[in-house]
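Note sheet for the following structure.
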Amino acid sequence: MISMINGKTELMGVIGNPVTHTMSPTIHNTLAACMGKNMVYVPFPVKEDISNAIAGAFALGVVGMNVTVPYKSAVIPHLKSIDSKAEQIGAVNTLVRTENGYKGYNTDMPGLYRALLSEGIEISGNRIIIVGAGGAARAAAFLCAWKQAKEVYLLNRTPQKAVRIRDEIIEKTGFTNVIPLALCEYDKIPGEGYLVLQATKAGLYPHVEETPISEPNFFQKAGVVYDLIYTPQETTFMRLAREQGAKAYHGLKMLLYQGVLAYELWNNVTVPEDVIASVYEVLKKECGIHE
Ligand code: NAP
């Protein structure tokens, strides 16, 4: 945290409902302190009326904001402009102030990409299974299309949602190798060695015993698992994957990098690797992660 708030302090924040558990203030206030930037980042609980919240923030001179659940799509009509990739996904998590209003970006998806790269995991040319078809899975599926994955199996409890994402990806990107399936149809996926992205809420604290799939046969298809959940540190899904010999990672680095990318957009800087590493240490401590 900066040592003194004064007349030059810039205000940033996150809008959502609820925002009491957000880790974004930790990320951005630590980044600002490390980078010597005179800014503060606070949670803005927006119960309703996203339109007035955005207009009010702009009028008050707020320089940048993150957007979280439930407003990632609802915010779009209230923006001055939108980055083309965020527009394709239909979700915005970062607002950058421009002369006449905010421009919307999506840093969740490149955040996931950087997190994967930092573990030595590539998407291009890889065979991928995405579990889930909510907002995060959708962004991950578009990422796989843009990075030209070899093929993407999209498994969801409600298979119609996976079908809708497949149709949209074909329409918007021209990428046709998305195969929607119900969770119970995983045995239609041929072979093994897949990168598995776990993007459901099943297993999220406090429901740590839940998992979208538990059959060992499924985990035998996995080479590497990346679970977007970061509390707990090891989900049941990750444990089952490890039991079948797969590598498994939690999603804290995705959270870290979506924050770093937002900070870079707001401040037009590149955050050095040693600063990113320091912020990650603070985040791990806050989340009770030891490794
Ligand atoms: P969402 O839009 O609400 O989607 C939830 C997904 O979870 C849907 O596919 C839903 O299936 C599925 N699901 C929920 N309970 C399930 C259960 N018991 N069994 C099987 N499937 C179940 O949520 P989201 O925003 O995409 O978030 C998904 C996950 O990603 C969350 O755990 C979130 O914490 C994590 N996430 C992490 C980061 C990060 O930075 N690391 C960022 C964003 C999200 P149905 O469609 O059938 O309901």
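Treat the numbers as computed from the prediction; the structure is a model and nothing was measured. Read the numbers this way: they start at 1 and go in the same order the structure lists the ligands and their atoms.
In terms of polar-atom proximity, defined here as any N/O pair under 3.5 Å, Lys201 does make such a contact with ligand 1.
Of all atoms in ligand 1, numbered sequentially from 1 with element shown, those under 4.0 Å from a heavy atom of Ala133 are 9 (O). Heavy-atom contacts of Glu210 reach the following atoms of ligand 1: 18 (N) (cutoff under 4.0 Å). In the vicinity of Ile229, heavy-atom distances shorter than 4.0 Å reach the ligand 1 atoms 32 (O). Close contacts between ligand 1 and Gly251 involve ligand atoms 41 (N) [criterion: under 4.0 Å to a heavy atom]. Of all atoms in ligand 1, numbered sequentially from 1 with element shown, those under 4.0 Å from a heavy atom of Ala202 are 16 (C), 17 (C), 18 (N), 19 (N). Listed by number with element, the atoms of ligand 1 under 4.0 angstrom from any heavy atom of Tyr230 are 41 (N). For ligand 1, the atoms closer than 4.0 angstrom to any heavy atom of Gly132 are 9 (O).
Counting only heavy atoms of the protein, atom 32 (O) of ligand 1 lies nearest to Thr200 O, 3.1 Å. From the protein, the heavy atom lying nearest to atom 37 (C) of ligand 1 is Leu228 O, 3.3 Å. Closest protein heavy atom to atom 28 (C) of ligand 1: Ala199 O, 3.4 Å. Annotation: atom 27 (O) of ligand 1 to nearest protein heavy atom, Ala136 CB, 4.0 Å. Considering only non-hydrogen protein atoms, atom 4 (O) of ligand 1 sits nearest to Gly134 CA, 3.3 Å. In terms of protein heavy atoms, atom 2 (O) of ligand 1 is closest to Gly135 N, 2.9 Å. For atom 45 (P) of ligand 1, the closest non-hydrogen atom on the protein side is Thr158 OG1, 3.5 Å. Nearest protein heavy-atom neighbour of atom 16 (C) of ligand 1: Arg157 NH1, 3.3 Å.
The NZ atom of Lys72 sits 11.5 Å away from the CD1 atom of Ile76 when rounded to the nearest 0.5 Å.
The shortest heavy-atom distance from Lys161 to ligand 1 is under 4.0 Å. Ligand 1 is approached by Asn156 to a heavy-atom distance shorter than 4.0 Å.
A cation-pi arrangement, defined by a distance under 6.0 Å to the six-membered ring centre and an angle within 45 degrees of its axis, is present between Lys253 and Tyr280. Because its NZ or CZ atom is not both nearer than 6.0 Å to the ring centre of Tyr257 and within 45° of the ring axis, Arg114 does not count as a cation-pi partner of that residue. Taking the centre and axis of the six-membered ring of Tyr113, the NZ or CZ atom of Lys147 falls inside the cone set by 45° and 6.0 Å.
Among Met254, Gln160, His207, the residue whose heavy atom sits closest to atom 42 (C) of ligand 1 is Met254.
Ring pair Tyr153/Tyr194 is perpendicular by interplanar angle, where above 60° counts as perpendicular and below 30° as parallel.
Ring-centre distance between Phe237 and Phe219: below the 6.0 Å cut-off.
Using a 4.0 Å threshold on non-hydrogen atoms, atom 22 (C) of ligand 1 counts as touching the protein.
Ile165 and Tyr186 sit in two unconnected hydrophobic clusters of ILVMFWY residues. Membership requires side-chain heavy atoms under 4.5 Å apart, directly or through other members.
Taking every heavy atom of both residues into account, Leu31 and Val260 meet most closely at CD1-CA, 4.2 Å.
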